[in-house]
Enquirer: 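Got a structure for you, questions after.
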Amino acid sequence: MNIDQPGKSRFIKTVRSNLISALKKTPSTERPDSFMTQSELARLLLITPQQLFKILNEGNPTLGTIWLICNTLRISPQSLFEGTELEDMNRIDPNIEQILKDREKKH
């Protein structure tokens, strides 16, 4: 499949928007009756808020990073693709999810 530059830009914008939306819906682990902040997520991921900002706004995170963020937010990686052209394509192979889980256990 060949995605043109405008299509790629829309895809990235939608995935980032879905990620930020999920963050805003995730209960805080530090403050009752509140939602998680980007700073809190960064602390849970053991990265700086600046690194998270770069990931969310201009970065190109690895699958491992996406997996860690999704795991921390308790969302499925597939949910990030809602509203994209790829949403209707085949979902991530279950074997990939198992490989990422196994990799996470090693670290």
Enquirer: Could you please spell out the steps behind the side chain to side chain donor-acceptor pair (under 3.5 Å) verdict for Thr48 and Gln51?
Expert: CA-CA 5 Å; Thr48 67; Gln51 288 170 309; 3.3 Å; yes

Enquirer: So, the side chain of Asn57 versus the backbone of Phe53: is there a donor-acceptor pair under 3.5 Å, distance only?
Expert: yes

Enquirer: In the structure I gave you, are the side-chain heavy atoms of Ser28 and Glu40 within less than 4.5 Å of one another anywhere?
Expert: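 A side-chain contact under 4.5 Å exists here.
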
Enquirer: Report yes if some heavy atom in the side chain of Phe35 is under 4.5 Å from a heavy atom in the side chain of Thr26; otherwise report no.
Expert: no

Enquirer: Can you measure from OG1 (Thr72) to CH2 (Trp67) and round to the nearest 0.5 angstrom?
Expert: 11.0 Å

Enquirer: What are the two closest heavy atoms between Leu52 and Ala42, and how far apart are they?
Expert: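 Minimum heavy-atom separation between Leu52 and Ala42: CD2-N, 3.8 Å.
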
Enquirer: Rounded at 0.5 Å granularity, tell me how far CG in Leu41 sits from CD1 in Ile20.
Expert: 11.0 Å

Enquirer: Are any non-hydrogen side-chain atoms of Gln38 and Leu56 less than 4.5 angstrom apart?
Expert: yes

Enquirer: Taking all non-hydrogen atoms of both residues, which atom of Cys70 and which atom of Pro77 are closest, and how far apart?
Expert: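 Smallest interatomic distance, heavy atoms only, reads SG-CA, 3.7 Å.
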
Enquirer: Would you mind reporting whether Arg31 and Thr37 have side-chain heavy atoms less than 4.5 Å apart?
Expert: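 Answer yes - side chains close enough.
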
Enquirer: Tell me whether Leu23 is reachable from Ile12 by hopping between hydrophobic residues (I, L, V, M, F, W, Y) whose side-chain heavy atoms are closer than 4.5 Å.
Expert: yes

Enquirer: Any chance the side chains of Thr65 and Thr62 put a donor and an acceptor closer than 3.5 Å?
Expert: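 The answer is yes; a qualifying pair exists.
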
Enquirer: Between Lys24 and Met36, is there a side-chain heavy-atom distance shorter than 4.5 Å?
Expert: no

Enquirer: To check you understand the geometry: which heavy-atom pair defines the closest contact between Glu82 and Asn18, and what is its length?
Expert: O-ND2, 2.8 Å

Enquirer: Could you tell me if the side chain of Ile75 sits less than 4.5 Å from the side chain of Ile69, heavy atoms only?
Expert: no

Enquirer: Would you compute the distance between atom CG of Leu68 and atom CZ of Arg103 and round it to the nearest 0.5 angstrom?
Expert: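 Output value for this atom pair is 7.5 Å.
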
Enquirer: How many angstroms lie between atom CZ of Phe81 and atom OG of Ser76, to the nearest 0.5 angstrom?
Expert: 9.5 Å

Enquirer: Could you go step by step and tell me if Ile55 and Ile47 meet the side chain to side chain contact (heavy atoms under 4.5 Å, CB included) rule?
Expert: CA-CA 11 Å; Ile55 289 168; Ile47 61 175; 4.1 Å; yes

Enquirer: If I take atom OG from residue Ser21 and atom CZ from residue Arg16, how far apart are they, to the nearest 0.5 angstrom?
Expert: 15.5 Å

